[in-house]
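Predicted model, so just to flag it, every value in this text is computed and none were measured.
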Amino acid sequence: MSQRKKRPRTARRAAERKLLKQAMRAELRGRRVTPTIEGFEAALLNRGHDGIAEALIARHNQRMQRMVDFGQILQTSGLPLLSSFIPLTVAATELGARYKRPPFSPGSTWPDHLSWGLDSIAAAVRLMLSLQPIGASIIARTQLERWSSNLEFNLNAPQLTGEDTVTWLNRIWSTTGVLPNPTVRVGDIFGSLSELLHGRGSLLPLVWLDVADVTDPPTSEHLILLEEISNSLIVSLSRIQTCLATAAAEKKWDVLANTIAGLRLVSPAHGLLSNVRALLWPLNPTFFQLPSVKENLGALAAGHLRILSALKASKDPKEPFEAWPAFSLGAQRFRAYAVASIAYETERKKLGEISQEDGIERLSTEAVLAGEMAAILAMWLRDDPDRSSVANAFAVCASGLRSAEWLWLEDDPRAMGCLRCVVEQLARVRTWRLRPERALKIERNPNSTPRDWIEGAGWRRLTLLNRALGEFAHGSAGAKWHLALDALVALQKDAENDDIAQYTGRTHALEVTIFLLAVECAAWADTFSSKLGDAYRKVVRITDSQADRAIEDLLNHAWEKRGTPVR
């Protein structure tokens, strides 16, 4: 009997297997490191600075796994917000919205704009399911501002001189018939979201769940806090519903108008997904290589289209109603996936060697190493009552940076709004480190602004970056995202003579923020142990002298461009 020949392994396959085994061993070592000063010092003693890197990456991986482990709990909180997504999408497409419009694009027509509002609800739900409260709140607040601007125009109810935004929003949204639940105080919701984005307020436990307790499930208290973000999205959704019904009525499509106006926006979720990886994972090159991703998202998108087609033909869809929210989220994520795939390929052709996949992976890794170290420092600092503000600031940096990077991968401009939160809190921790008396004074001032922290940190020359990112953190009719993008482009050195600079403004802003956060993390690590600080510098490959020169160059260039308009 002839012996069956074994297929020889190629050198590449053998190398891949070796790398996989090394990664698995590193992951096991990293998970054994306790998130304490003593635990990190032991890792440093045993493995050198590689031990620190392994611990940080392992914590990131544990956080990602938690989304899967507790996905069904979070779906019961997030998916109800998508109960009406399909019929509202039917209305938008009947009115002329383009189904293949990129999910992040506000569009150039009113139906497209309303469809963008629906996609924004789905984008926020995805971040809620990922336990990323900063990113979810940025989208929720910008949407709330956008549809409040719409309501302001229709009611002719501008903000009065001296009237704060919370009071104004409570006033205009309390108009009879505007909200499905008249007891909701929209201004108060806006205030809660704003406080969170400034590193304060009642919603901060959501940030701590994100950054610190990476293996713990959300408690009932956390789910209640998530409802504050949900309530904001429901308010925006109610306005989108009204706008769609009004647009249909103006076309004399009374049946469609009445159907949309009578929709129940939110219903309990029962059709839950068992595996949420394809729906939640960031769209980086590694994600695109997973064989099941396209199939899973494609199947959900196909089901979504079947439901839309049946409803447009006045037929009953075969897909059960309780599964519609899952199909809706899957369809939004598939469109984001498709757009990102095309964008990667286009960027490769346009930018050549600059746009290698390993460059995106490198930036994602740098974001993990900076964000996870910020999270670790937050944990070490929160045990000291005198440093609770610094701990909260580092926690927001960690959570906000993750959302910024994930949205940046999808070309979503609201990634820059997340970066605004990171830059403000980064300036806050730097002020506490260098000028604690001034930091305490700012903390005690109820009218303090992000600019106070920027100047307190000695970064007055960085005002243009703060102003540009600040535009993306708001969504009212007065926000000028296109001018803010121009400012980010101008912040790059030699932008005037660089043909590709117009495409890399947001990437540069992300790189700068990651670098500044890593430098600050190293400085704060020194306050616990100079050995840990030095080890972390080796992990992120920076030295103090290099960092000082790079930051000074950045500040000087930003100051030269300070006159660049953002409004």
Side-chain angles (χ1 to χ4, degrees), residues 19 22-23 25-27 29-30 33 35 37 39-61 282 284-286 353-378 380 394 397-398 400-402 404-405 408-409 419 422-423 426 429-430 433 459 462 465 491-493 504 506-555 557:
L19 288 174
Q22 290 174 347
R25 286 195 291 266
E27 175 73 12
R29 289 193 298 266
V33 178
I37 300 171
F40 269 59
E41 286 179 333
L44 176 60
L45 182 63
N46 293 333
R47 292 276 300 159
H49 70 276
D50 285 343
I52 304 300
E54 290 169 353
L56 296 175
I57 292 172
R59 283 184 62 79
H60 166 76
N61 294 340
N284 55 32
T286 299
E353 292 300 319
I354 297 174
S355 163
Q356 294 300 315
E357 285 188 0
D358 59 356
I360 298 174
E361 293 287 4
R362 173 192 55 78
L363 189 57
S364 294
T365 300
E366 290 175 354
V368 167
L369 294 174
E372 292 299 340
M373 192 64 202
I376 288 292
L377 289 167
W380 294 352
F394 263 129
C397 284
L401 180 60
R402 186 159 43 257
E405 188 237 336
W408 166 78
L409 287 167
L419 277 192
V422 178
V423 169
L426 183 51
V429 298
R430 179 176 168 85
R433 181 171 61 84
W459 285 348
L462 211 55
L465 176 64
L491 282 167
Q492 301 171 97
K493 270 200 166 183
T504 56
R506 284 178 285 190
T507 301
H508 176 258
L510 180 60
E511 290 174 335
V512 164
T513 305
I514 291 171
F515 174 71
L516 292 174
L517 179 57
V519 171
E520 195 62 28
C521 283
W524 274 94
D526 284 338
T527 66
F528 292 96
S529 165
S530 60
K531 291 182 179 179
L532 286 178
D534 290 340
Y536 180 69
R537 288 180 179 88
K538 290 180 180 178
V539 169
V540 294
R541 300 182 302 281
I542 61 173
T543 65
D544 286 342
S545 59
Q546 291 171 338
D548 290 343
R549 286 196 301 271
I551 293 172
E552 188 65 18
D553 287 346
L554 170 67
L555 295 175
H557 181 68

Give the C-alpha distance, both sets of side-chain angles, the deciding distance and a yes or no for side chain to side chain contact (heavy atoms under 4.5 Å, CB included) between Leu554 and Trp459. CA-CA 10 Å; Leu554 170 67; Trp459 285 348; over 6 Å; no
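- Minimum heavy-atom separation, Gly371 to Ala398: O-CB, 3.2 Å.
- Remark: Thr365 OG1 to His60 NE2 distance equals 8.5 Å, nearest 0.5 Å.
- The heavy-atom pair separating Val422 from Cys397 by the smallest distance is O-SG, 3.6 Å.
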Please report the C-alpha distance between Gln546 and Thr543 in whole Å, then the side-chain angles of each, then the deciding distance to 0.1 Å, and finally whether the side-chain hydrogen bond (donor to acceptor under 3.5 Å, both in side chains) criterion is met. CA-CA 5 Å; Gln546 291 171 338; Thr543 65; 3.2 Å; yes
Taking it one step at a time, do Val33 and Arg59 satisfy side chain to side chain contact (heavy atoms under 4.5 Å, CB included)? CA-CA 9 Å; Val33 178; Arg59 283 184 62 79; over 6 Å; no
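- Shown here for Leu491 and His557, the closest heavy-atom pair between the two residues is O-CD2, 3.0 Å.
- For the pair Gly533 and Ala525, the tightest heavy-atom approach, listed with the atom from each and the gap, is CA-CB, 3.8 Å.
- A donor-acceptor pair under 3.5 Å is absent between the side-chain atoms of Trp524 and the main chain of Ala378, judged by distance alone.
- Of all heavy-atom pairs between Cys521 and Ala370, the closest is SG-O, 3.9 Å.
- To the nearest 0.5 Å, the span separating CG on Leu532 from CG on Asp526 amounts to 9.0 Å.
- For the pair Met373/Leu517, no side-chain contact is recorded, criterion being any heavy-atom separation below 4.5 Å from C-beta on.
- Between Leu363 and Trp408 there is a side-chain heavy-atom pair separated by less than 4.5 Å.
- The minimum heavy-atom distance linking Phe394 with Ala374 is given by the pair CB-O, 3.5 Å.
- In this structure, the side chains of His49 and Tyr536 stay at 4.5 Å or more apart for every pair of heavy atoms.
- When ring centroids are compared, Trp380 and Phe40 come within the 6.0 Å threshold.
- Under the 4.5 Å side-chain criterion, counting only non-hydrogen atoms from C-beta, Leu409 is in contact with Glu405.
- The closest side-chain heavy-atom distance from Val540 to Glu366 is not below 4.5 Å.
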Pairs of donor and acceptor atoms involving the side chains of residues 508-516, under 3.5 Å and at least two apart or interchain, shall be tabulated with distances.
residue	atom	partner	partner atom	Å
Thr513	OG1	Ala509	O	2.8

Side chains of residues 51-58: which donor-acceptor pairs under 3.5 Å do they make with residues two or more places apart or in other chains?
residue	atom	partner	partner atom	Å
Glu54	OE1	Arg29	NE	3.2
Glu54	OE2	Arg29	NE	3.4
Glu54	OE2	Arg29	NH2	2.7
Glu54	OE2	Arg47	NH2	2.8

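- Looking at Leu419 and Arg506, their side chains never come closer than 4.5 Å, going by heavy atoms from C-beta outward.
- Rounded to the nearest 0.5 angstrom, Ile542 CD1 and Asp548 CG are separated by 10.0 Å.
- With contacts defined as side-chain heavy-atom distances shorter than 4.5 Å, the pair Arg537/Asp544 qualifies.
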